[in-house]
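Below, chain A is the first sequence line, B the second, and so on; all start at residue 1.
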Amino acid sequence: MSYLLVKSEPGSWSWDQQVAAGAKGTAWTGVRNHTAKQNLMKMKKGDRAFFYHSGEGKEIVGVAEIVKEAYPDPSDAEGKFVQVDVIPVEPVKTPVTLATIKGTPALKSMKLVKLSRLSVSPVSADEWRTIAKMTGIKA
DNA sequence: GCCAACGTTGGC
DNA sequence: GCCAACGTTGGC
């Protein structure tokens, strides 16, 4: 199993909306960046992703799971980009902010920090465990 | 095929 | 609201 971090502006798609959508899953769509696309393509069913709020909050607020692997994004007329379907798994007990991540030696080299504009980024198993501990969820 | 100009994203 | 980082576009 691999781990990811997906990023969204809560103003356009928030964790609360993801939770409200429930177990039927929703498409993680609108990705228009080739690096992010590569990361989407690597996702497998059952993989876990941290759900991060950019702009408002700048913190990890929940855990999502991939329920459908990459398939063509219908909102892309060219048909070059893909989307995956995700469901909410659980909210975090304690949100982990970007400031905290930057201040944590084990996490400062995260892609989230290095490539702040990337909307879908990989998370290593070590990083996942560290953040899981900080948020109070089970890894 | 190179590179400057421009647009977009996201942190501050 | 500003600026840095990065992707994309278009002229050559």
Side chains of residues 52-63 of chain A: which donor-acceptor pairs under 3.5 Å do they make with residues two or more places apart or in other chains?
residue, atom, partner, partner atom, Å
A/His53, NE2, A/Trp15, N, 3.0

Salt bridge (Lys or Arg N to Asp or Glu O under 4.0 Å) contacts in which one or both residues fall within residues 62-75 of chain A, not counting sequence neighbours: A/Arg32-A/Asp73, A/Arg48-A/Glu65
Where at least one partner belongs to residues 98-120 of chain A, residue pairs that pass salt bridge (Lys or Arg N to Asp or Glu O under 4.0 Å), sequence neighbours excluded: none
Spatial distance of atom CG (A/Leu5) from atom OG (A/Ser121) [nearest 0.5 Å]: 4.5 Å
Mutual orientation of the aromatic rings belonging to A/Phe51 and A/Trp28 [parallel < 30°, tilted 30-60°, perpendicular > 60°]: perpendicular
Trace of the side chain to side chain contact (heavy atoms under 4.5 Å, CB included) decision for A/Arg129 with A/Asp126: CA-CA 5 Å; A/Arg129 273 194 297 275; A/Asp126 284 345; 2.4 Å; yes
Divergence of helical axes at both termini of the helix from B/dG1-C/dC12 to B/dC12-C/dG1 - five pairs an end, 10° steps: 10°
Extract all donor-acceptor atom pairs below 3.5 Å that involve side chains of residues 89-98 of chain A and protein atoms in other chains or at least two apart in sequence.
residue, atom, partner, partner atom, Å
A/Lys93, NZ, A/Gly136, O, 2.9
A/Thr97, OG1, A/Thr100, N, 3.1
A/Thr97, OG1, A/Thr100, OG1, 2.8

Outermost DNA chain B nucleotides near chain A [under 4.0 Å, heavy atoms]: B/dG7 to B/dC12
A/Asp47 and A/Lys44 ion-paired at < 4.0 Å: no
Sugar-phosphate only, base, or nothing, as touched by A/Leu98 at under 4.0 Å among non-hydrogen atoms: sugar-phosphate
